[in-house]
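Each residue takes its place number in the sequence, starting with 1. Counting starts at 1 for both ligands and their atoms, in listed order.
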Amino acid sequence: MCGIVGLHLRDPGLYPRLGALLEGMLCQVAERGPDSAGVAIYGDRRRCPAGFAAVSLLGAGPSVRSVHPEAVVTVAGDTTVVAAPLTTTALADAVRAADSGVRIVGVGTDLTVYKGTGSPQDLARTYDLVNASGWQGLAHTRMATESAVTPEGCHPFSVGADQCLVHNGSFANHATIRRDLQRDSVVFDSDNDSEVGARFVARQLEQGVDLEKALTLLCERFDGFYTLLVTSADGFAVVRDAIACKPAIIAETAAWVAMASEFRALATLPGIESARIYEPEPERVYAWQR
Ligand SMILES: NC(=O)CC[C@H](N)C(=O)O
């Protein structure tokens with residue numbers, strides 16, 4: 001199990017409703033992942049003001065408040081979000097200097113990430129998801145297969161600026177790929193197999209490969225089961241393994257692109273009656289750009 005939902009808005013008129021639409025979608029896949037739930041929001045200027053960077057943190061102490069005089073700090077359950085008028089690198093460095101025990105689980109100039117264990121419905125309230133606005137968002141409900149039920153093991157895995165990956169399934173050869181990446185100095189935050197996928201994609205993007213190609217390379221390298229939704233500063237992409245045994249459905253209208261593990265999560269989106277609805281084919285990358 002595990003539930004995935006994602007919404008990429010094309011119509012700016014819907015931006016104020018992003019969080020409310022996403023919360024409705026998330027609640028429809030709650031029982032697919034009762035262990036934990038995570039959310040990523042792109043473009044909510046209340047959470048990450050224009051000209052600011054934001055970092056999402058686990059295990060943050062009060063000292064992170066001192067990173068910048070204009071810092072905006074929000075605590076949402078296990079996650080603390082700190083936004084400040086700095087570059088992403090300067091903010092991450094300042095946060096680590098202020099609190100050496102903190103784990104950074106999201107960073108970007110347009111992105112805020114929330115993770116926690118517990119019931120997805122409760123967590124949606126904790127993250128104040130209903131009031132989020134923005135142009136893109138995704139959410140994941142987790143039933144753990146590969147690592148402990150902890151906030152660190154929760155998806156999304158956001159390991160590069162403004163990037164996120166959520167996964168339904170399990171990678172069979174993740175330990176081998178983890179070792180290969182570690183040999184190339186890649187550092188991991190959790191034992192989760194999905195983090196290996198996120199680190200692999202981040203590495204490709206870092207080397208100048210686009211999101212579509214990065215996911216094609218992932219299909220060549222990773223064995224096992226997966227439906228993945230991967231997002232970047234301007235992208236939204238879906239891919240499934242060669243057997244495609246994990247469910248996925250995509251719907252598109254002129255106003256939005258949406259994907260979910262199950263159709264019922266899409267059933268109440270505005271305009272769904274006239275959407276183009278289809279099941280993504282095995283090992284084909286579906287990608288959209290803002
Ligand atoms: N049930 C799933 O799809 C789990 C996804 C992933 N393997 C994890 O443990 O987080």
Side-chain angles (χ1 to χ4, degrees), residues 1-6 25-40 56 58 77-79 103-106 113-121 123-124 127 138-160 163-181 186 188-202 215 218-219 221-231 237-250 259-265 279-280 282-283:
M1 290 275 230
C2 275
I4 297 176
V5 297
M25 295 169 77
L26 169 68
C27 290
Q28 289 297 324
V29 294
E31 80 274 16
R32 292 187 62 87
D35 295 345
S36 14
V39 164
S56 298
L58 294 175
D78 292 313
T79 307
R103 266 99 60 221
I104 297 181
V105 294
V113 171
Y114 302 85
K115 296 192 190 214
T117 53
S119 118
Q121 289 94 337
L123 288 165
Y127 306 150
L138 57 83
H140 183 268
T141 61
R142 181 172 187 230
M143 185 178 282
T145 63
E146 304 295 317
S147 68
V149 178
T150 58
E152 287 78 7
C154 177
H155 305 217
F157 285 94
S158 174
V159 302
Q163 293 169 27
C164 282
L165 175 145
V166 289
H167 174 203
N168 174 200
S170 50
F171 292 126
N173 58 343
H174 64 97
T176 309
I177 301 171
R178 178 186 291 259
R179 277 195 297 275
D180 290 348
L181 290 170
V186 174
F188 285 81
D189 293 330
S190 74
D191 296 328
N192 193 295
D193 59 326
S194 311
E195 184 185 349
V196 183
R199 298 266 172 206
F200 179 88
V201 170
L215 292 180
L218 182 145
C219 290
R221 188 80 174 80
F222 282 73
D223 294 331
F225 302 123
Y226 51 90
T227 288
L228 299 172
L229 171 61
V230 184
T231 50
V238 177
V239 71
R240 300 167 89 190
D241 65 75
I243 299 169
C245 71
K246 296 296 176 191
I249 188 97
I250 295 175
M259 85 72 68
S261 300
E262 296 181 30
F263 174 74
R264 62 190 163 134
E279 192 182 334
E283 285 196 323

What part of D193 sits under 4.0 Å from ligand 1 if we count only heavy atoms: the side chain, the backbone, both or neither? side chain
Where is the nearest protein heavy atom to atom 10 (O) of ligand 1: which residue, which atom, and how far? R142 NE, 2.6 Å
So which bit of K246 gets within less than 4.0 Å of ligand 1, heavy atoms only: side chain, backbone, both or neither? neither
If I apply the N/O under 3.5 Å rule, does G153 come out as touching ligand 1? no
With a 4.5 Å heavy-atom cut-off, do F200 and V186 have their side chains touching? no
Can you find a heavy atom in the side chain of Q28 that is under 4.5 Å from one in the side chain of V5? no
Under 4.0 Å from any heavy atom of M143, which atoms of ligand 1 are there? 1 (N), 2 (C), 4 (C)
Are any of the side-chain heavy atoms of R240 and E279 separated by less than 4.5 Å? yes
Please report the C-alpha distance between V196 and F222 in whole Å, then the side-chain angles of each, then the deciding distance to 0.1 Å, and finally whether the side-chain contact (heavy atoms from CB on, under 4.5 Å) criterion is met. CA-CA 10 Å; V196 183; F222 282 73; 4.0 Å; yes
Salt bridge or not between R103 and E195? Use side-chain N to carboxylate O under 4.0 Å. no
D180/R199 salt bridge by N-O under 4.0 Å criterion: no
Would you indicate whether the side-chain heavy atoms of K115 and F157 approach each other to under 4.5 Å? yes
How far is atom 4 (C) of ligand 1 from the closest protein heavy atom, and which atom is that? C2 SG, 3.1 Å
Ligand 1 atoms in contact with E146 (distance to a heavy atom under 4.0 Å): 7 (N), 9 (O)
Under 3.5 Å: N/O of S147 near N/O of ligand 1: no
Test of understanding: given a 4.0 Å heavy-atom threshold, classify the contact between M1 and ligand 1 as side chain, backbone, both, or neither. backbone
Between A148, A144, S170, G169, flag the one that comes closest to atom 5 (C) of ligand 1 by a heavy atom. G169
